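Here is the structure we will look at, set down as structure tokens.
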Protein chains: 2
Amino acid sequence: METVETTEVTTTTTTSSGKTIPESGYVPPSPPPNFFALDFALRLLLLAATVAALVVLVTSKQTIRVATNLPQPFSFATRSAYFKNSPALIYLLVALSVGVLYSIITILSSCFAISRPSPSPKLYFHLIVFDALMAGILASATGTAGSIAYLGLKGNSHIGWTKVCNVYGKFCRHIGSSTIVTLVASIVLVLLVVLSSYSLYRRSH
Amino acid sequence: METVETTEVTTTTTTSSGKTIPESGYVPPSPPPNFFALDFALRLLLLAATVAALVVLVTSKQTIRVATNLPQPFSFATRSAYFKNSPALIYLLVALSVGVLYSIITILSSCFAISRPSPSPKLYFHLIVFDALMAGILASATGTAGSIAYLGLKGNSHIGWTKVCNVYGKFCRHIGSSTIVTLVASIVLVLLVVLSSYSLYRRSH
């Protein structure tokens, strides 16, 4: 009898369909709207974004041939740019992996809640807390990787860090795309926080 | 009549003190607890953290003397490390300034809410949304600056970015401290999201 919010003892009858309705013309307040269809769609988007960013990051390896100073002709050495060489990009990898796992788990919880007429407020509370935490983790990973990507693109002449994106073009494009998609994922998580807190707000009055 | 959650028409009497109480022994449910004292304390901590990080960042300038190749004795050139030379640290400055402003505004709203017996759910909803947004901004700034600070400390031999913290020690200490204090500020913001959503959750049942 979740939808009836009165705390007084009310005489009720049970209909043949099992629904409980109070007597004497009392109309129960309409249940708060269930936004879990939108929640589910946003979480699918989150899963797609984190998986895409992860795949783009992992496939970013680029090997180039550089001319050596050896006398014989056609002597080339190969040099590789790989995300494992940068701690910042390893952090992005870890954050995205956690994000993929988290979105799968919460998609399942969203699936269970979608069919209920009135999901429990405890579920909303837990979703807000963990969504905010994940948003923080993904936002910091965006910052970390974005900082490295920008440095690779522009360099920093004051310190003497040269740009590398003119040499490792494909690598830089992958890192940049992965960072932007991670930013989208963190924005989706903030939207999910807004959605869950709005649902809780609608329930609370 | 905010504390009485029944939607049925109840006969009520108004006492001399202006309080509305229902007849026939009905006891209204106790109002949900007001956590705004804790909210206020956390926001003070947030203000302190953002101001401290901002001051430490702004005072990070370090000038060193380097020997030149000129023939005359005592010929030194001065070189400076300054946060304005790095876009990542400028982003940290902007994020921290927004954080200081935001914490001042929300301290005022917290002050107003602290005295009320039952703050409006709308206030909680707004606080959750903006706290989550600010947490994301500060977390990304932490990542951005932390990435640069780590690169300054360790360098990256694969790309040829040399470490600079052996030369600019004071500058690096300031940047590192500012980053850590910004991380504390983002954690405080996530705690504030937890607190506000818990208050909303307590109100909703």
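Proteins come first, then strands; the chains are lettered A, B, ... in the order of their sequence lines, and each starts at number 1. No hydrogens, no waters, no symmetry mates; every other heavy atom, side chains included, goes into these values. Being a predicted model, the structure only gives us computed values, none of them experimental.
Of the atoms belonging to A:Ser80, not a single heavy atom falls under 4.5 Å from chain B. Heavy-atom distances place no part of B:Thr142 under 4.5 Å from chain A, backbone and side chain included. There is no contact between A:Ser186 and chain B, counting heavy-atom distances below 4.5 Å. Contact annotation for B:Tyr150: only side-chain heavy atoms (C-beta onward) come within less than 4.5 Å of a heavy atom of chain A. Contact annotation for B:Ser157: neither backbone nor side-chain heavy atoms come within less than 4.5 Å of a heavy atom of chain A. Of the atoms belonging to B:Lys122, heavy atoms from both backbone and side chain fall under 4.5 Å from chain A. Of the two parts of B:Asn156, only the side chain, counted from C-beta on, holds a non-hydrogen atom closer than 4.5 Å to a non-hydrogen atom of chain A. With a 4.5 Å cut-off on non-hydrogen atoms, A:Val164 touches chain B through its side chain but not through its backbone. In this structure, no portion of B:Tyr124 lies under 4.5 Å from any heavy atom of chain A.
Across B:Val190, B:Leu151, B:Ile159, B:Val129, the residue that shares the most heavy-atom pairs under 4.5 angstrom with chain A is B:Leu151. When each of A:Val193, A:Thr162, A:Asp131 is checked for heavy-atom pairs under 4.5 Å with chain B, A:Thr162 comes out on top.
Summarising the geometry, atom CG belonging to B:Leu200 is positioned 11.0 Å from atom OG belonging to A:Ser196; distances are rounded to the nearest 0.5 Å.
The minimum heavy-atom distance linking A:Arg79 with B:His158 is given by the pair NH2-O, 3.7 Å.
The number of heavy atoms from other shown groups lying within 6.0 Å of OH (B:Tyr82) is above 12.
Aromatic ring pairs are classed by plane angle as parallel below 30°, tilted from 30° to 60° and perpendicular above 60°; the pair A:Phe125 and B:Tyr201 is parallel.
In this structure, B:Ile128 and A:Ile128 have side chains that are in contact, with non-hydrogen atoms separated by less than 4.5 Å.
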